[in-house]
Amino acid sequence: MKLLDGVVRPYAWGSRTAIASLRQKPVPSPHPEAELWFGAHAEGPATVIGADGGPDGTLLDVIDDDPQQALGAATTDRYGNRLPFLLKVLAADEPLSLQAHPSAEQAREGFEREEAAGIPIDAPTRNYKDASHKPELIVAISEFDALAGFRDPAQTIDLLRELQVSELDPYLGLLAGQPDAEGLRAVFTTWLTLPESRLRTVVPAVLAGAVDALNAGSRFGPELRTALELGEIYPNDPGVLASLLLNRIHLSPTEGLYLPAGVLHAYLSGTGVEIMANSDNVLRGGLTPKHIDVPELLRVLDFTPVDADDLKPRIRTVGTERIYLTPAPEFRLSRVELEGTGLHQPSSICFDMPGPQILAALGGTIEARLPGDTPLSVPSGYAAWIPDDDPDVVVRASSSRALFFRARVPVNDPVGSFTEE
């Protein structure tokens, strides 16, 4: 068992307060902090903190030194000598790019195709950095907003009609004539491939129509306000138009959003815990200056309309552990809140499942203890690495209240198992 210090990723859309506050660092931070990585991804493995309080290698080093001891036979048999998930804290003060992730089959085919073509792995035009899919789950720890999945076309038709923008008439007619997945594909493809001269006409007209509709009391207030915000940050970007086709989703703390392959999405604002398969494959569709491969994105996207509630994970609560159930075999995420006094909630919890685990403390301080061993103190903003071969681990709140998230590989357990002390 080891203490981990995560890797901060300073992307421009990040927050200067959220991650710094979690890590008990000065606020505001010197630069935007977008993500805090707890994992063994080659581009940013977490640092292992030694007994002297200094760095002692990385989690990737620990796993490479003895994969069987770290991951266990069940994990290595299925995923090889690599941790199959990546755990992050994500803090967005500005919207992320509109994007989707490939299925496992699409990722393998795309990676092999780009390898055969000799495209450098770090080339800006490279779509596939590895051969893995990237299902992901985010659980809000603050109020969190996102766009995800194509909305029921009937509702989108109503929204576009409310705008009363003549520049939208051809696209409105296209969707009204075919209010299904194929109609959504046709409209989205058309918008994504509009010449810049046309975008400079259509996008401002849509934004002006959004203002008028909001002033008239539109029932699509959140959707229209989002389009206006995106238009201010990304003027004349086709992603502004595409946002009108997607579900606008708000998550309160503890609520989650699961994104399987092919679901177009963009996180808008807020802080959450994100877990995903250990992959870096992203196909972008707008709201970004980065490379957009339109044909490849269209090959990956699923245009089937989806209700926003269908993208939320099933939840199983066992005692203090709130378990977020998804179809992803690479990970299982749960939220645990403990109270040091034990008066209202248990003061400790015992995990006895095999497989590698990461416990990320995101409020207060926890202590993780092995039988007969010295407790490991994990303050807020840090994590504990628990390898497969460690026996039962008892986690205790050493502050008056402690919140942590547990990430693991559900190799032998479909739900979760622990006993409260």
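In this text the structure is predicted, and so the values were computed from the model without any measurement.
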Which one of Leu96, Leu287, Leu230 satisfies the side-chain contact (heavy atoms from CB on, under 4.5 Å) criterion with Leu268?
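That would be Leu230; it is the only one of Leu96, Leu287, Leu230 passing the side-chain contact (heavy atoms from CB on, under 4.5 Å) with Leu268.
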Hey, which of Val409, Asp388, Leu83 is the one that makes side-chain contact (heavy atoms from CB on, under 4.5 Å) with Leu71?
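Checked Val409, Asp388, Leu83 against Leu71; only one passes side-chain contact (heavy atoms from CB on, under 4.5 Å): Leu83.
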Does [X] reach the side chain of [Y], with side-chain heavy atoms less than 4.5 Å apart?
| X | Y | value |
| --- | --- | --- |
| Val282 | Lys134 | yes |
| Leu241 | Val203 | yes |
| Phe144 | Leu257 | no |

I'd like to know if Glu196 and Arg200 make a salt bridge, using a cut-off of under 4.0 Å between side-chain N and carboxylate O.
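The answer is yes: the pair qualifies as a salt bridge.
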Any side-chain donor-acceptor pair under 3.5 Å between [X] and [Y]?
| X | Y | result |
| --- | --- | --- |
| Ser97 | Gln99 | yes |
| Ser166 | Asp169 | no |
| Gln68 | Thr76 | yes |

So if I apply the side chain to side chain donor-acceptor pair (under 3.5 Å) rule between Tyr128 and each of Glu296, Glu115, Gln106, which one comes out positive?
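Among Glu296, Glu115, Gln106, the one meeting side chain to side chain donor-acceptor pair (under 3.5 Å) with Tyr128 is Glu296.
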With sequence neighbours excluded, tell me which residues meet side-chain hydrogen bond (donor to acceptor under 3.5 Å, both in side chains) with Thr304.
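So Thr304 forms a side-chain hydrogen bond (donor to acceptor under 3.5 Å, both in side chains) with Asp302.
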Once the angle between the rings of Phe150 and Phe188 is folded into 0 to 90°, is it parallel (under 30°), tilted (30 to 60°) or perpendicular (over 60°)?
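Phe150 vs Phe188 ring planes: perpendicular.
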For the residue pair His41 and Trp37, categorise the inter-ring angle as parallel (less than 30°), tilted (30 to 60°) or perpendicular (more than 60°).
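Plane angle over 60°, so perpendicular.
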Check Ile358 against Gly39 and note the closest heavy-atom contact, atom names and distance.
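Closest heavy-atom pair between Ile358 and Gly39: CD1-CA, 4.3 Å.
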Within 6.0 Å of NZ in Lys2, more than 12 heavy atoms from elsewhere
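No, not enclosed.
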Filter on side-chain hydrogen bond (donor to acceptor under 3.5 Å, both in side chains), then keep only pairs touching residues 86-96, sequence neighbours left out; what's left?
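Those involving residues 86-96 are Glu35-Lys88.
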